[in-house]
S.K.: 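Shown below is the structure under consideration.
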Amino acid sequence: MNVAFYEKLWMWAAGVLIVAFLATIAVGVAGSALQPPSHVETIDPTQVFKDPRFAHPGVTVDANGATVVAFGLMYGFTPPEIRVPAGKRVTFRMTSTDVTHGFLIVGTNANTMLVPGYVSQFTTVFQRPGEYLIVCNEYCGLGHHLMSAKLIVEEAQP
Ligand SMILES: [Cu+2]
């Protein structure tokens, strides 16, 4: 079979691009710990306040790390201030009571959507103590720009 030089060149170029695109996924997963959601958990968005999983929003700390239970609603996060220990595994469990919101902790790799009807969960570790801004990064309505919260990463007790 006779394949023209330029056709071969473009086929190789396309092959190299495919490998490059797959490599960016591999680098994202291995290097930056970017992962798709690990599980699917549903919730009735009209019953979030009554649901036992979200009845007590806040932080629970135990020997393995911390669990944060929170939800987004127009136009804020509950709780508005979250305190977690530095250097420990922190699992966030969140949902929305109304429309789709975003949950981005600025300057970290913590970033998820809060979709009504679903529980968003991810685990991360905050190494640097300090104060971090949490913003909604999914346009959710007229008060979207007001929707923020605070994450305080506290130095681990010696
Ligand atoms: Cu929002």
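Model, not experiment: these values are computed from the prediction. Read the numbers this way: they start at 1 and go in the same order the structure lists the ligands and their atoms.
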S.K.: Whether the side chain of His101 engages the backbone of Cys140 through a donor-acceptor N/O pair (distance < 3.5 Å, no angle test) should be reported.
M.R.: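 Not at all, since once roles are kept as given, no pair shorter than 3.5 Å links the two residues.
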S.K.: Quick one: does Ile134's side chain get under 4.5 Å of Val106's, heavy atoms only?
M.R.: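 Sidechains of Val106 and Ile134: no contact.
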S.K.: Transitively linked via ILVMFWY side-chain contacts under 4.5 Å: Ile82 with Tyr132?
M.R.: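 Yes, it is one cluster - the side chains of Ile82 and Tyr132 are joined through contacts under 4.5 Å.
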S.K.: Mind checking whether the Cu ion (ligand 1) has an N, O or S of Cys136 under 2.8 Å?
M.R.: yes
S.K.: Just wondering, is there an N, O or S atom on Met147 that's nearer than 2.8 Å to the Cu ion (ligand 1)?
M.R.: yes
S.K.: Nearest to the Cu ion (ligand 1), which N, O or S atom of His101 do we find?
M.R.: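 Result: ND1.
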S.K.: State, yes or no, whether a side-chain contact exists between Ile43 and Tyr118 at a heavy-atom distance under 4.5 Å.
M.R.: no
